[in-house]
*Asks:* 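Structure in structure tokens, see below.
Fair warning: this is a prediction, and the values are worked out from it, not measured in the lab. Counting convention: from 1, in listed order, for ligands and their atoms alike. Note that these values count all heavy atoms, side chains included, but never hydrogens, waters or copies made by symmetry. Sequence positions, counted from 1, serve as the residue numbers for this chain.
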Amino acid sequence: MSQTELPSSRVNDINLSGLSPQSLYDKCLALANNLWWSWHPEVTNLFRDLDPIRWRQLDHNPIALLSEFTPERLEMRAAELVLYSRINQAYRRLKEYLSSTRTWGTTHVGVLGSKPVAYFSAEFGIHESLPIYSGGLGVLSGDHIKSASDLGVPLVAVGLFYDQGYFKQHLDHDGYQGEEYLDTKVENIPMQPALNDHGQPLTIEIDTRTGKLYAKVWLMKVGRVSLYLLDCDVEGNSPEDHQLTSRLYGGDRRTRIRQELVLGVGGVKALKALNITPGVFHLNEGHSAFAPLEVVRQRMEDDGLSFDEALRSVAQLTVFTTHTPVPAGHDRFDGSLVEEHLGPLRDQLGISYEQLMSLGRVEPQNQSEPLCMTVFGLKLSRKANAVSSLHGHVTRRMWAHLWPWRVEEEIPIGHITNGVHVQSWLAGQMQQLYDRYFPVDWFDRMGEPETWQGIHKVDPGELWETHQALKNLLLAFVRRRISRQCRRRGESDEAVEAARNVLDPNILTIGFARRFATYKRADLIITEIDRFAELVNDPDRPIQIIFAGKAHPADEPGKQFIKKIANLRHDDRLAGRVAFIEDYDINVCRHLIQGVDVWLNNPRRPLEASGTSGQKVVLNGGLNLSVLDGWWAEAYDGSNGFAIGNGTSHVSDEINDARDAKDLYRVLEEQVIPLYYDRDIDGLPRHWIKRMMNSISTLAWRFSAQRMVMDYVNAAYLPAAGGMSCDMTVR
Ligand SMILES: *Cc1c(COP(=O)(O)O)cnc(C)c1O
């Protein structure tokens with residue numbers, strides 16, 4: 001599959017096909033209605049070219065864009081821009097993609113062919129125009145289903161539709177985070193009501209002790225994958241429940257358990273109503289851990305099994321992935337909330353309140369212990385995994401008391417390290433370079449190490465120029481955003497003008513963007529502010545840094561971190577060399593990871609389960625500078641980036657933070673900065689470029705979502721579906 005088949009000649013670019021305006025329009029709509037377009041730059045560019053200004057204003061949403069066109073106006077625009085063959089070709093490629101039988105999956109998925117994987121997640125980060133994600137977990141889910149689609153792995157996905165999504169972030173004059181929730185226009189979202197047997201829009205219902213809950217079901221197409229989204233804004237619900245699925249991670253404990261009831265139990269009911277019989281249930285994080293209970297109920301009803309028999313057989317089919325070693329990241333619910341929401345289901349299962357609670361407790365008999373969704377997921381699945389090698393160790397230790405009779409190595413939690421969907425994160429210009437040096441079918445084989453060896457054949461000057469071009473695009477983006485932020489805050493013309501000129505393409509540029517949870521220590525690099533200012537202002541070898549990230553609305557310490565970072569702009573010593581971009585999302589992330597020289601990651605080890613943003617940086621030639629935590633602990637080999645610390649941590653946070661800050665400065669001063677500014681006679685940093693190449697060749701394949709999904713198929717899905725045993729392997 002070649003991604004760059006743009007029309008080489010424009011001779012054919014007239015409407016030879018005799019397409020009517022309406023059928024041209026319909027082809028564009030068909031493209032917009034399958035999110036396949038979002039990972040094909042040539043299709044994205046097609047939409048953008050129709051109206052570049054509106055495209056940006058509409059958050060890159062093609063449905064919203066097309067709704068502003070009549071078929072006739074679209075045809076005029078297509079004629080002006082000679083777009084016919086591009087539209088036809090994109091449409092043909094989508095059709096070919098959807099009907100292709102020559103995929104990896106055709107020969108590798110065995111029993112899954114007739115019974116798909118059902119993949120549950122509370123968020124899906126697919127594209128910025130679809131605000132149903134908040135951060136890393138959602139983007140991982142999005143990348144997982146895109147890769148499953150590309151590989152031809154039979155998979156259906158289940159999530160929630162949030163009509164307000166996650167908040168938009170604006171900082172006030174003092175740098176304090178404000179949150180704004182915007183209503184999503186459903187008609188601009190590429191989804192249709194899912195239909196039941198009778199061709200009617202499907203609604204599912206769930207009994208609780210305090211009345212019924214209803215949810216309608218949407219269908220969204222993500223390549224070959226169907227993503228079903230449950231939405232409580234439906235007739236029959238109380239006014240309060242109409243809002244139940246409005247916001248991602250909003251509301252109180254009761255809202256949370258009700259959302260998780262809809263996702264897990266409602267999701268399984270929806271699949272049944274759609275006549276989908278999954279061979280595997282993959283619970284991506286604890287939010288959906290109620291799902292197996294409903295599957296058990298169906299087994300009891302359909303196959304006449306006892307609760308214990310059904311539980312055993314359902315656990316066999318269930319794969320559970322846990323994502324965080326941070327205690328607050330694990331949902332816990334009091335008995336009264338559990339009884340209110342799962343009481344009727346518990347009656348049908350014929351189990352007692354204590355039995356149900358004990359499935360979510362570390363100590364089954366401890367009546368004061370709440371129900372923990374992670375414990376629930378671990379107990380209701382036979383296959384559980386963490387998301388990096390180090391996270392595997394930490395997770396086994398963390399939950400060891402669930403298996404008191406086993407030594408740590410025998411705790412049944414493996415690991416499959418996260419990866420990223422290459423086509424979604426690789427810059428078009430970098431891709432064109434790879435196309436020239438890599439095997440022709442490299443897009444189908446990006447999970448294999450050989451595929452990426454071609455990078456060592458690339459001319460260093462060409463790689464550097466491509467990187468510089470991407471860096472310039474990033475700086476233009478930052479300037480546009482920062483000056484807009486200044487204007488919105490009503491700042492002076494001088495301030496806006498200054499914002500238009502921040503940053504310098506010739507300076508070593510560091511990026512730091514992630515959720516502002518305190519353990520991620522966004523302020524580590526300013527621990528010694530004078531020393532930082534000296535680095536920034538070094539006359540020969542200066543540095544500059546771009547920050548972005550949201551804090552959870554309830555995370556006051558996180559918001560104070562943002563304030564501290566945002567207010568660096570008032571320090572004259574740092575003027576023009578430190579930037580904070582508001583409203584971090586997939587779009588901001590894409591610009592950052594495609595353009596930075598260095599990606600900084602300095603969490604308190606071992607709290608970062610994996611992290612994926614640094615993997616996106618790798619694809620585009622940036623270098624990671626990171627604490628040896630999460631994926632980086634298994635990725636760093638001494639020649640493919642930079643490491644902070646030596647992979648140990650002190651029990652005292654204070655000592656740990658001081659040590660890591662010191663080492664961060666040391667690595668910057670002794671390794672990163674000298675290497676970057678070490679130029680040859682042509683002005684090229686040869687040794688730096690060598691490290692970029694090492695990074696790409698050793699890391700890109702290993703931390704691709706294609707490798708990740710193949711690992712899930714081999715080590716988790718197939719054993720779960722077929723009963724084969726196979727350990728989650730360390731690669
Ligand atoms: C990739 C991505 C993340 C995950 O990054 P981490 O390395 O886990 O911090 C978070 N948010 C967005 C918008 C992303 O695109």
*Asks:* Please tell me if the side chains of L625 and L664 come closer than 4.5 Å, counting only heavy atoms from C-beta onward.
*Replies:*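 Yes, at least one pair of side-chain atoms sits under 4.5 Å.
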*Asks:* Does D663 reach the main-chain N or O of R659 with its side chain, forming a donor-acceptor pair under 3.5 Å?
*Replies:* no
*Asks:* Got a sec: does the NZ of K221 have more than 12 other heavy atoms crowding it under 6.0 Å?
*Replies:* yes
*Asks:* Can D172 and R489 be counted as an ion pair, charged N to O under 4.0 angstrom?
*Replies:*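 A salt bridge is absent here (no side-chain N lies under 4.0 Å from a carboxylate O).
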*Asks:* K520: what forms a salt bridge (Lys or Arg N to Asp or Glu O under 4.0 Å) with it, not counting sequence neighbours?
*Replies:* E608
*Asks:* Could you go step by step and tell me if N620 and W425 meet the side-chain hydrogen bond (donor to acceptor under 3.5 Å, both in side chains) rule?
*Replies:* CA-CA 8 Å; N620 296 288; W425 300 106; over 6 Å; no
*Asks:* List by chain and number: which residues place a heavy atom under 4.0 Å from ligand 1?
*Replies:*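 Residues G135, G136, V139, W425, R514, K520, Y584, D585, I586, C589, G611, T612, S613, K616 each place a heavy atom under 4.0 Å from ligand 1, listed by chain and number.
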